[in-house]
Amino acid sequence: MTVREILRMGDPRLRRIAEPVSEFGTAQLQALLADMRDTMIAANGAGLAAPQIGVNLQVVIFGTGKVSPRYPQEAPIPPTVLINPVIQAQGDQESLGWEGCLSVPGLRGQVPRFSQVRYQGFDEHGQAIDRVVEGFHARVVQHECDHLLGVLYPQRMRDFSQFGYTDILFPELAAAPSDDD
Ligand code: NI
């Protein structure tokens with residue numbers, strides 16, 4: 001178990017389409033997930049995708065467990081391992097909300113996302129996951145799964161006047177450790 005280096009925007013490895021996982025329950029997959037959890041916790045993130053540590057597989061983890069110190073106003077999201085995900089919008093309603101990313105450290109931007117989505121995929125044992133979620137949970141899963149398409153949140157933004165440094169935008173959060181999701 002290791003805290004891995006998180007790739008930052010501009011690294012071509014963040015722009016690749018990730019490959020599906022073909023075997024579940026393997027020691028290799030467990031080791032990857034252990035590294036991802038350690039890395040996410042060390043960075044105080046709300047989510048992490050395997051491509052962010054240079055592993056080009058369709059694996060994301062997310063969840064705040066309890067209330068996130070970086071997103072204190074949001075409802076907690078259960079800790080989730082999501083492999084080979086498929087996301088479908090439920091209706092066409094969108095909402096704008098602030099996002100950060102461990103691969104874009106120190107910044108936040110307002111990003112439009114579908115308000116409600118259904119996501120399907122598998123956990124690390126190959127058990128099916130099928131959930132309909134909304135709000136912050138829906139936002140986080142859309143953000144993480146975008147990493148598997150080589151997309152970072154600034155590419156989803158429409159209004160760059162709503163983009164800036166976290167400590168300037170949210171001075172009240174400056175005391176919280178580390179950055180972003
Ligand atoms: Ni991210």
Side-chain angles (χ1 to χ4, degrees), residues 1-65 68 77-90 94 97 99-105 107 109 111-114 116-134 136-157 178-181:
M1 299 199 296
T2 313
V3 174
R4 304 270 290 262
E5 182 194 357
I6 298 175
L7 307 182
R8 288 181 301 146
M9 184 168 62
D11 191 306
R13 289 172 289 178
L14 289 170
R15 298 194 52 79
R16 298 182 293 188
I17 305 291
E19 304 285 344
V21 169
S22 52
E23 245 190 305
F24 294 89
T26 64
Q28 229 178 355
L29 184 57
Q30 289 303 334
L32 169 63
L33 287 165
D35 282 3
M36 288 175 67
R37 285 191 192 97
D38 288 351
T39 304
M40 184 177 86
I41 289 164
N44 204 25
L48 191 75
Q52 291 181 277
I53 58 168
V55 175
N56 198 35
L57 288 172
Q58 293 178 19
V59 178
V60 303
I61 62 173
F62 54 86
T64 52
S68 165
I77 300 171
T80 300
V81 170
L82 183 62
I83 297 172
N84 299 349
V86 176
I87 296 185
Q88 290 173 284
Q90 303 291 287
E94 289 184 348
E99 295 185 20
C101 180
L102 296 172
S103 294
V104 190
L107 293 161
V111 185
R113 298 286 186 186
F114 291 112
Q116 191 181 65
V117 297
R118 177 182 184 184
Y119 66 88
Q120 295 166 285
F122 301 92
D123 73 8
E124 67 265 51
H125 309 294
Q127 298 294 312
I129 294 173
D130 186 348
R131 294 177 183 160
V132 175
V133 299
E134 58 188 12
F136 189 54
H137 191 156
R139 175 170 299 282
V140 168
V141 73
Q142 288 171 88
H143 175 117
E144 295 310 328
C145 292
D146 260 358
H147 280 292
L148 307 180
L149 302 172
V151 172
L152 299 176
Y153 78 82
Q155 293 166 256
R156 298 289 190 200
M157 290 181 62
S178 189
D179 274 314
D180 312 327
D181 63 2

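Heads up: numbering here begins at 1 and tracks the sequence.
For Arg131, the side-chain hydrogen bond (donor to acceptor under 3.5 Å, both in side chains) test picks out Thr80, Tyr119, with sequence neighbours left out. Considering only residues two or more places apart in sequence or on other chains, Val86 meets the side-chain contact (heavy atoms from CB on, under 4.5 Å) condition with none of them. Applying the ring pair (Phe, Tyr, Trp, His ring centres under 6.0 Å) rule to Phe122 yields the partners Phe24; only residues at least two apart in sequence or on another chain are considered. Checked against side-chain hydrogen bond (donor to acceptor under 3.5 Å, both in side chains), Arg139 has the following partners two or more places apart in sequence or in another chain: Glu99.
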Quiz item: Going through the distances and angles, do Gln52 and Leu7 end up as a side chain to side chain contact (heavy atoms under 4.5 Å, CB included)?
Solution: CA-CA 5 Å; Gln52 291 181 277; Leu7 307 182; 5.7 Å; no

Quiz prompt | Stepwise salt bridge (Lys or Arg N to Asp or Glu O under 4.0 Å) test for Glu124 and Arg37 | solution = CA-CA 13 Å; Glu124 67 265 51; Arg37 285 191 192 97; 3.5 Å; yes

Quiz prompt | Ile77 vs Val141, side chain to side chain contact (heavy atoms under 4.5 Å, CB included): CA-CA, chis, key distance, verdict | solution = CA-CA 10 Å; Ile77 300 171; Val141 73; over 6 Å; no

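Rounded to the nearest 0.5 Å, atoms CZ (Phe136) and OG1 (Thr64) are 7.0 Å apart. Remark: Leu149 CG to Ile17 CD1 distance equals 5.5 Å, nearest 0.5 Å.
Between Ile6 and Leu48, the closest heavy-atom pair is CD1-CD1, 4.4 Å. Nearest heavy atoms, Pro154 versus Met9: CG-SD, 4.2 Å. Minimum interatomic distance between Gly45 and Leu102 (heavy atoms only, all atoms of both residues): CA-CD1, 4.2 Å. What you find for Ala49 and His147 is that their closest heavy atoms are CB-CB, 3.4 Å. Shown here for Ala89 and Val117, the closest heavy-atom pair between the two residues is CA-CG1, 4.2 Å. Among all heavy-atom pairs drawn from Leu82 and Gly121, the shortest one is CD1-CA, 3.9 Å.
In this structure, Val133 and Val140 have side chains that are not in contact, with every pair of non-hydrogen atoms separated by 4.5 Å or more. Between Gln58 and Ile83, the closest side-chain pair of non-hydrogen atoms is not below 4.5 Å. Using a 4.5 Å heavy-atom threshold, the side chains of Pro85 and Glu144 count as separate. Annotation: side chain of Gln120 is in contact with side chain of Gln88 (closest heavy-atom distance under 4.5 Å). Using a 4.5 Å heavy-atom cutoff, the side chains of Glu134 and Gln90 are not in contact. Looking at heavy atoms from C-beta onward, Leu57 lies out of side-chain contact with Leu29 at the 4.5 angstrom threshold. Counting only heavy atoms from C-beta outward, the side chains of Tyr153 and Asp146 never approach each other to under 4.5 Å. When side chains are defined from C-beta on, Gln116 does not count as touching His137, because their heavy atoms never get closer than 4.5 Å.
Evaluation of the ring-ring contact (aromatic ring centres under 6.0 Å, His included) test over residues 25-58, restricted to residues two or more places apart or in two chains, returns none. Residues in residues 11-24 take part in these side-chain hydrogen bond (donor to acceptor under 3.5 Å, both in side chains) pairs, two or more places apart or across chains: Asp11-Arg13.
With hydrogens and angles ignored, the 3.5 Å screen pairs a side-chain donor or acceptor of Thr39 with a backbone N or O of Arg4. The backbone N or O of Val3 sits nowhere less than 3.5 Å from a side-chain atom of Asp38 that would complete a donor-acceptor pair.
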